[in-house]
4 protein chains.
Amino acid sequence: MQEIGEKKGRILVAAMDIFGERPYDQVKIEDIAERAGVGKGTIYEYFVSKEELFAAILEAGFNEYFMALVAAAVPSLSATAKLQAVFGRHLSFISQHAAAARIILSERPASRSEIHEAMVNRYMRLGRFLEELLQEGMTAGEFRPVDTAIVAQAIIGIFSTLLVFVLFAEQAADAMEKNAEKLLDFCLLGLAVGD
Amino acid sequence: MQEIGEKKGRILVAAMDIFGERPYDQVKIEDIAERAGVGKGTIYEYFVSKEELFAAILEAGFNEYFMALVAAAVPSLSATAKLQAVFGRHLSFISQHAAAARIILSERPASRSEIHEAMVNRYMRLGRFLEELLQEGMTAGEFRPVDTAIVAQAIIGIFSTLLVFVLFAEQAADAMEKNAEKLLDFCLLGLAVGD
Amino acid sequence: MQEIGEKKGRILVAAMDIFGERPYDQVKIEDIAERAGVGKGTIYEYFVSKEELFAAILEAGFNEYFMALVAAAVPSLSATAKLQAVFGRHLSFISQHAAAARIILSERPASRSEIHEAMVNRYMRLGRFLEELLQEGMTAGEFRPVDTAIVAQAIIGIFSTLLVFVLFAEQAADAMEKNAEKLLDFCLLGLAVGD
Amino acid sequence: MQEIGEKKGRILVAAMDIFGERPYDQVKIEDIAERAGVGKGTIYEYFVSKEELFAAILEAGFNEYFMALVAAAVPSLSATAKLQAVFGRHLSFISQHAAAARIILSERPASRSEIHEAMVNRYMRLGRFLEELLQEGMTAGEFRPVDTAIVAQAIIGIFSTLLVFVLFAEQAADAMEKNAEKLLDFCLLGLAVGD
DNA sequence: TATGAATGAGATTTCATTCAT
DNA sequence: GATGAATGAAATCTCATTCAT
């Protein structure tokens, strides 16, 4: 019982690593099997196809990412503090899972519409979470009134930006934190209640 | 001579369309040849490989996009007006070239480091352009002092956000403009000189 | 002990059904296991390989078929009556075991020469049985003198014909009996002692 | 132009040979390609799948066989003479194309219903041809009145019998002719106008 | 004895690329 | 230069068989 879950987990982790390393079509099922320490056929015991395995890691990866963000937004905090915490958690997640983060946050538009749909759903889930946070801040008078849908997307866009820094610029950890802080400031100013 | 250029152009346009429609590995050279109205072999007269053709459309597509943005920033305008114009131009570009925009703005990280490098270069070119614009605004006192590198990246992130609206939400053109306006406002507030 | 036999029997029956339904390479051991209500591994307890299982059902199926024909040729009957009874029994067998009959009577020529040999042996056993019947009729003056080997094969060929009717034409049972009668008449005329 | 036909022909011939040698699932596309002297991929230029290639050789092989039989039944001959000629032509065909004849005359029941249907159609074509021949003989008073559908099938069954001799018994050519003669006699007696 | 999860050899099929025309 | 028929390397996926439980 446990072994099954364990083996499926090993495959997922291996797949996440490798799909993060190089584009979909350059990943061989055999590579993943090797990394996971299982036979090629075993992967097909748990996932019906390469495409489905890919979809599965997107889902699993996003869930982990999303849950991390949600957990950061401790209810007792103010909206501003929550936003700050979410920024920080986003940064640490993409720093620790740089490769995985790329596919999670900018996955390939899939052929199968199911995958595409799932992707849109995930975007919306993340958007709603940020919208609620913004709404809360607006209600509390911390943020000026804004179109939450728009600003939520803007924040997601800014999140991607951080990923670009991590992936391309390969900046040092502390420089990254500085950047995150500055981006947060930029957001907070954009949200600041006008005097 | 001209014909050659013309034929190469047809191939580029066809490739841009098709690579925009579906992921790299689902695109067959033959598909592109067909769409371009040339023979399969002809593509190899102009591009040494599929990978290079892909690199070429990224470059060409980005250049067209970038030049459009640069052209929008008419020198006589104020920095704020320039930023507004750039936002607008970005929006109209991605609206008209939605498919192409996806690959231009979020291309697949290639195996070949040349492509990766080229991608980073383009990102940096776009970043520098925005940085200069921001610097100009700061110098002119239109914008508060910010880390231009950071804010430039944030703007790029926000630009991507608009792409998400276009690709996923499939919003109407006028709704899109409203969104762009709101995003611009958000940016401008983030840049606003504090009272 | 009995259980073993019972389980082996279930596997044989399931295999006969399924090999009758579709060609060898489209039959999965798992399909047979499922139909037999046993585990995949269990089949290998009783049969060393798929190929051997196939050989086994051919042998078992043929034996059942052959014994039915032999039983029909009740010794007390005249040769003509025996031939008639054999025709009838053949017809009822293939009607009741249409799918199985196909593989029994027109099995795939196997790679393993053992199977090929076994198939030839079975053909010969059936041939000899008919030859004896013909010889008996000739001796009794019921049939004209013929080359029994040839006519026996002709009868086998005519038997196959009935299978074609059953499998393809999907004729009604009573129509089938009419056909069998007519075929028997045709044979008997071919055997009739010339005036 | 000609080359195309020529290459497709080479593939068909090679496929006929090899599918005749061993069962469907033991034939690799590569084997056929090798025998035909073409690349593996080339086969897929002419046939969409292994299954379709198989269907194609059945069709082509049957047509050749059928045309040979039809050609043997020279209109000026009597029905009896025609039947004799057809017997002879059948014998020479299966003697010269023993391997191919097996798949043509007892092909594997396919998964794809199209193939199955095609098989039934061919059986019926052959049946109708023989029926017409029989009808003609009945009209001419050469044959006694019989159910032509039944007797036609019986003759087909007897034809198969000859194939069995060729494939299994591997009899000498002259012995075969004797056998064919005897089988014809058997048929003609079955058809003889009763005194 | 019975099982079915695990395996990997092996087959079909695709498609980037070549090259003779 | 332009073409597309030909190719074969390479990848996905299947499934007979094994073996630990």
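Every chain is numbered from 1 and lettered A, B, ... according to where its sequence line falls, protein lines coming before strand lines.
- Residue order along DNA chain F, read from the 5' end via each residue's closest nucleotide, puts B:T42 first among B:T42 and D:V38.
- Taking the ring-ring contact (aromatic ring centres under 6.0 Å, His included) definition, one finds that D:Y44 meets it with nothing, sequence neighbours left out.
- Between A:L53 atom CG and F:dT12 atom P the separation is 11 Å, expressed in whole Å.
- Summarising the geometry, the separation between CD1 on D:I18 and P on E:dA11 is reported as 13 Å, rounded to the nearest angstrom.
- For C:F47, the ring-ring contact (aromatic ring centres under 6.0 Å, His included) criterion is met by no residue, not counting sequence neighbours.
- Nucleotide F:dG1 holds its C1' atom 14 Å from the CZ atom of B:R10, rounded to whole Å.
- In this structure, B:K50 satisfies the cation-pi test against B:Y24, with its NZ or CZ atom closer than 6.0 Å to the six-membered ring centre and inside 45 degrees of the ring normal.
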- Item | Under the 3.5 Å Watson-Crick or G-U criterion, the dot-bracket string of DNA chain E, with | for inter-strand pairs | .||||||||||||||||||||
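- Rounded to whole angstrom, the span from the CG atom of C:D31 across to the P atom of F:dT17 amounts to 14 Å.
- Under the rule for a side-chain hydrogen bond (donor to acceptor under 3.5 Å, both in side chains), C:D17 has no partner lying at least two apart in sequence or in another chain.
- For the side-chain contact (heavy atoms from CB on, under 4.5 Å) test, residues two or more places apart in sequence or in another chain that qualify with A:A14 are A:I32, A:R35, A:A36.
- At whole-Å resolution of the value, OH in D:Y46 and P in E:dT12 are 20 Å apart.
- Atoms CD1 (B:I43) and C1' (E:dC19) sit 17 Å apart, rounded to a whole Å.
- Protein atom CD of D:E52 is 10 Å distant from nucleotide atom P of E:dT13, rounded to whole Å.
- Within the structure, salt bridge (charged side-chain N to carboxylate O under 4.0 Å, His left out) contacts touching residues 53-65 of chain D (residues at least two apart or in different chains) are D:E59-D:R122, D:E59-D:R125.
- Partners of C:A99 according to the side-chain contact (heavy atoms from CB on, under 4.5 Å) rule, which considers only residues two or more places apart in sequence or in another chain, do not exist here.
- Here CZ of B:F62 is found 12.0 Å from CE of B:M119. Values are rounded to the nearest 0.5 Å.
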All N/O pairs under 3.5 Å across the protein-nucleotides 14-16 of chain F interface:
from: F:dA16; atom 1: OP1; to: C:V27; atom 2: O; distance (Å): 3.3
from: F:dA16; atom 1: OP1; to: C:K50; atom 2: NZ; distance (Å): 3.1
from: F:dA16; atom 1: OP2; to: C:I29; atom 2: N; distance (Å): 2.9

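- In this entry the distance linking CZ of B:F47 with C1' of E:dT18 reads 18 Å, nearest Å.
- Residues forming a side-chain contact (heavy atoms from CB on, under 4.5 Å) with D:A55 (at least two apart in sequence, or on another chain): D:I115.
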